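Below is one structure, written out as structure tokens; comments come after it.
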Amino acid sequence: LARLSARASTPDIADAAGVLLDALGEAERAGDEGGHASQLVSIPVGSTGSVVTIRLARARCHGGGEQPDWSMSSGREIWAGSRVLARLLLSGEVLVEGRRVLELGCGLGLVGLAAARAGAQRAVLTDRDAELLRAVEASAALTGVEVEVALLDWDRLEEGLAALPGGGVEASTPEGRPVFDTLLGADIVYEEAHATALLEAMKHLLRRGFAAEAVLVTGSPASRDGVAALCRLLGVSEERFAECGHDAGTLSVPSGSGADSEGDGGRGPPGLSWSVASVPGVQHGKPCRLYRFAVAIPAG
């Protein structure tokens, strides 16, 4: 299977082989020091025969047990978007080597751990669920990488940012660079409310200079209400996307929107530039969407 995933002519076949490798890895479940069961996740990388493995500890659900989360609301399943973004990071298609990354809604932490394996200078994984973060710490030890974890609720963004390791809302490096180069997120938009909350969080983080860019992977808007809402809020042209597999634009920000409008010199706050492109998913015929966000540079 490893050879099949490495030599496959398309990412669809490679990822399918990776899923089969994961199924075999399930048979190798083991307990960590905290009593968590673990799962071996295999990510095929490129066409060189390389397969990167990451061992994830299972997080306990509130009230005990390790029940599957089909609603995607508690982050206890490994969804397609996480596998796809992990592949993009490990293959270098989304560059994080030598960079500082912050993952939003990390769940079991596959994306952030992959970023660490890909050579990120610093990887901070955040979620609103402390039990998930304990599992991520166990996973980092099992995988042999160093990451930081922090509680971060998008509805209490200022409070969570102030408590980040070595950070704060206005923090920057001695050279005046953002604290983080890249924000990462995968399959964190499921319900309509998630789309609004995520965009507000990203606007705040990017426009305040806390991060330079954001990279997000989602499934299809046809199957997820939250993704459909996100595309509507951005103004994605589904007709153009269907025709050429990508779209781009700028999300304007209303002038006078609270603290973010301070110091705009009457020009109005800068918007967010965005792009979205189709990328191969885990299953054949089910591509994912790769979004990139950055502060829009004013014309003139």
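Note that this is a predicted model, so its numbers are computed, not measured. Index from 1, following the sequence. Atom set for the values below is all heavy atoms of this structure, side chains included, hydrogens, waters and symmetry mates excluded.
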Tell me if a side-chain donor or acceptor on H194 pairs with a main-chain N or O of Y190 at a distance below 3.5 Å.
yes
Is any side-chain heavy atom of R122 closer than 4.5 Å to a side-chain heavy atom of E148?
yes
With rounding to the nearest 0.5 angstrom, report the CG to CG distance, D181 to L102.
11.5 Å
Separation of S220 OG from K286 NZ (nearest 0.5 Å)
10.0 Å
From CZ (F241) to CZ (R289), nearest 0.5 Å
4.0 Å
According to a hydrophobic-cluster definition based on side-chain heavy atoms being under 4.5 Å apart (Ile, Leu, Val, Met, Phe, Trp, Tyr only), do I78 and V145 belong together?
yes
Test side chain to side chain contact (heavy atoms under 4.5 Å, CB included), reference L184, set L104, L89, V217, output is L89
So do V51 and V45 actually touch side chain to side chain, heavy atoms under 4.5 Å?
no
Interatomic spacing from CG in L183 to CD in E213 - rounded to 0.5 Å
8.5 Å
Between S38 and R55, a side-chain donor and acceptor under 3.5 Å:
yes
Donor-acceptor pair, S273 side chain versus A294 backbone, under 3.5 Å?
yes
Under a 4.0 Å threshold between the charged nitrogen and the carboxylate oxygen, would R134 count as salt-bridged to E131?
yes
Picking from T126, L152, V136, what satisfies side chain to side chain contact (heavy atoms under 4.5 Å, CB included) with C106?
V136
Could you give the distance from CG (L230) to CZ (R224), rounded to the nearest 0.5 Å?
12.0 Å
Taking all non-hydrogen atoms of both residues, which atom of V111 and which atom of A186 are closest, and how far apart?
CG2-CB, 3.8 Å
Apply side chain to side chain contact (heavy atoms under 4.5 Å, CB included) to I188 and L216, showing your working.
CA-CA 9 Å; I188 53 176; L216 174 69; 3.8 Å; yes
Any donor-acceptor pair under 3.5 Å linking the side-chain atoms of Y291 with those of T218?
yes
For the atom pair CG (L199) and CH2 (W274), what is the distance rounded to the nearest 0.5 Å?
11.0 Å
If hydrophobic clusters are built from ILVMFWY residues whose side chains come within less than 4.5 Å, do F293 and L157 share one?
yes
Short question: side chain of D127, backbone of G107 - any donor-acceptor pair under 3.5 Å?
yes
Taking S91 for its side chain and L88 for its backbone only, find out whether a donor-acceptor pair lies under 3.5 Å.
yes
Could you tell me if the side chain of V101 sits less than 4.5 Å from the side chain of V124, heavy atoms only?
no
Looking at every non-hydrogen atom in both residues, tell me the closest pair between L85 and V94 and how far apart they are.
CD1-CG2, 4.5 Å
Could you tell me which non-hydrogen atom of V147 sits nearest to which non-hydrogen atom of G112, and how far apart they are?
CG1-O, 4.4 Å
Could you walk me through whether R240 and E243 pass salt bridge (charged side-chain N to carboxylate O under 4.0 Å, His left out), step by step?
CA-CA 5 Å; R240 184 181 301 114; E243 180 179 350; over 6 Å; no
